[in-house]
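These notes concern the structure reproduced below.
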Amino acid sequence: MLNARQQAFLETTQMNTIDAKNEANDTALVWKQASFVSWSMTKRSPCYVCKVRDVAEIMQALTIARMYGLSVITHGAGHSYTDAALNTDGVIIDVTDMRRILSWDPEQGIMQVEPGVTLRDIVRVAMPDCWWPPVTPSTADATIGGCVAMNVHGKNAWKYGSFGEHLLSLTVLLASGQTLTLSPISHPELFRAFVGSAGLLGIITSVTLQLQRIPSGYVDICVQPAASLGEILRIFQEEQAADYLEAWVNGFASGCCLGQGIVTSATYSAVYDDASLQIPGPHLPEQFKGRLARWISTIYRPAVKGSVRTANGVMYKWSKCWGRKVIRQRSLFRSTYYPPAVFTTYRALLPQGTETFQAFVPSALAERLFNEIIRRSQENNFIPLWCIIKRHRQDPFLLSYQVDGFSLEVNYQVDPRTAQKLRKMLLELMDLVIAAGGRFYLAKDSLLTDIPYRRSVGDTAVETFLHLKQMYDPEMLFQSDLFHRVFQASLR
């Protein structure tokens with residue numbers, strides 16, 4: 001229910017602009033009513049959106065939001081699966097136009113960027129000089145501000161940790177209007193809290209990060225079949241020399257075949273050429289591939305589970321025929337990032353969205369818990385369409401979700417008729433994971449509320465975070481739907 005000030009703001013935004021000039025270019029901020037959707041397509045949020053180009057416009061947006069009693073959260077490319085960057089009936093500050101690379105040192109691999117710069121932008125500049133993001137998710141179009149806010153991880157999490165471990169400093173704008181530069185040395189407590197805080201402590205205005213030197217733009221990939229989860233985890237132990245590790249698990253395989261899958265490891269190639277250090281162009285235009293993906297997905301949508309079951313079975317049988325297979329000189333860029341057409345296919349094939357459940361558990365308990373998650377899913381007729389295993393290590397950040405162990409990500413097709421039953425099963429599995437010392441990732445989890453979150457990360461972490469929020473944002477200006485779900489009850 002809107003209050004009087006919010007109703008006044010609604011009437012004003014119907015004019016699309018607010019009379020607040022940017023002195024630098026004498027243009028008015030443009031505000032629009034919009035409905036944002038989470039990456040998983042399961043959450044929808046009506047809000048007011050303001051697209052900004054610089055810090056001056058951010059400060060104007062904050063002033064106007066205060067005037068009308070509205071909360072604020074920043075938004076980048078929108079790759080958080082759930083409600084981390086949604087703000088129902090509040091303000092979204094879109095920073096995707098803040099995408100300047102402020103400085104680049106090709107000798108030391110140090111880059112300073114604005115928050116709307118994407119991983120693709122960084123790679124385009126840094127890769128020709130033999131530098132690469134040390135930690136990266138599987139989409140090149142995630143913004144750096146989003147990577148910091150959610151403290152993302154990649155296929156090398158056991159070796160290089162999380163994104164925040166490679167930050168040299170952050171420049172942030174607090175609710176008070178104060179600008180601070182945070183680093184592990186300067187304001188270390190606030191730095192460790194800001195990374196992974198989902199944008200709830202302030203707004204990132206620039207990021208300085210240390211990139212990783214690479215010998216070439218190629219990797220050698222080793223693909224190995226595994227007959228069980230135990231064998232997958234054993235291969236992970238044996239492949240410690242790899243630079244990247246990930247396992248795919250066939251969620252349809254049951255009984256004595258439960259947990260069968262394929263482990264993929266990648267190692268930087270010693271072969272060097274200039275062509276490998278350029279972002280490879282698409283074989284077909286992305287627009288054409290997107291249309292083709294939507295067309296094929298529409299055809300297969302009625303039989304999505306059967307199609308995925310068949311594909312999973314074929315993939316595993318092929319891998320058994322190959323045995324241990326090494327693919328030489330594969331593009332690092334293509335082996336790291338999914339092409340945009342894959343995400344187009346995902347949206348067209350699953351228009352109701354997906355529910356993602358990613359459990360991070362200690363090594364000693366991983367096999368038992370992962371078997372239980374897949375087995376219960378099958379018993380309840382919620383077959384995960386795809387399952388991914390990664391290895392992790394703990395990181396030093398306040399709201400860290402990683403543990404010394406492994407994660408299993410399972411993804412389920414959402415059907416409104418069975419959504420409540422699916423939620424009930426996942427809440428039961430969540431209790432098992434938390435009781436075993438496991439944690440969950442706020443960028444992907446939609447089930448956590450205040451009590452299980454406290455049980456997972458500990459009372460001390462939550463109380464410290466809320467103390468810092470009350471210290472630096474006493475009026476609770478920065479809020480999101482995630483904030484209401486996970487933290488707000490703890491403030492009462």
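- Every residue two or more places apart in sequence or in another chain was checked for a salt bridge (charged side-chain N to carboxylate O under 4.0 Å, His left out) with E355, and none qualifies.
- In terms of the side chain to side chain contact (heavy atoms under 4.5 Å, CB included) criterion, residue partners of K444 (sequence neighbours excluded) are, by chain and number, Y81, T356, Q358, E409, Y441.
- Here Q224 pairs with C222, I235, E239, R324 under the side chain to side chain contact (heavy atoms under 4.5 Å, CB included) rule; sequence neighbours left out.
- Sorted by first then second residue, the salt bridge (Lys or Arg N to Asp or Glu O under 4.0 Å) pairs that include residues 121-131, not counting sequence neighbours, are R99-D121, D121-R124.
- Under the ring pair (Phe, Tyr, Trp, His ring centres under 6.0 Å) criterion, F397 pairs with no residue at all, not counting sequence neighbours.
- Among residues two or more places apart in sequence or in another chain, the ring pair (Phe, Tyr, Trp, His ring centres under 6.0 Å) test is passed with F406 by F236.
- For F370, there are no ring pair (Phe, Tyr, Trp, His ring centres under 6.0 Å) partners two or more places apart in sequence or in a different chain.
- Among residues two or more places apart in sequence or in another chain, the side chain to side chain contact (heavy atoms under 4.5 Å, CB included) test is passed with M471 by H467.
- A salt bridge (Lys or Arg N to Asp or Glu O under 4.0 Å) check over residues 203-220, counting only residues at least two apart or in different chains, returns the pairs D220-R328.
- Sorted by first and then second residue, the side-chain hydrogen bond (donor to acceptor under 3.5 Å, both in side chains) pairs involving residues 178-198 (not counting sequence neighbours) form an empty list.
- Legend: residues meeting ring pair (Phe, Tyr, Trp, His ring centres under 6.0 Å) with F465, ordered by chain and number and at least two apart, are F487.
- With sequence neighbours left out, K43 forms a side chain to side chain contact (heavy atoms under 4.5 Å, CB included) with S38, L86, S446.
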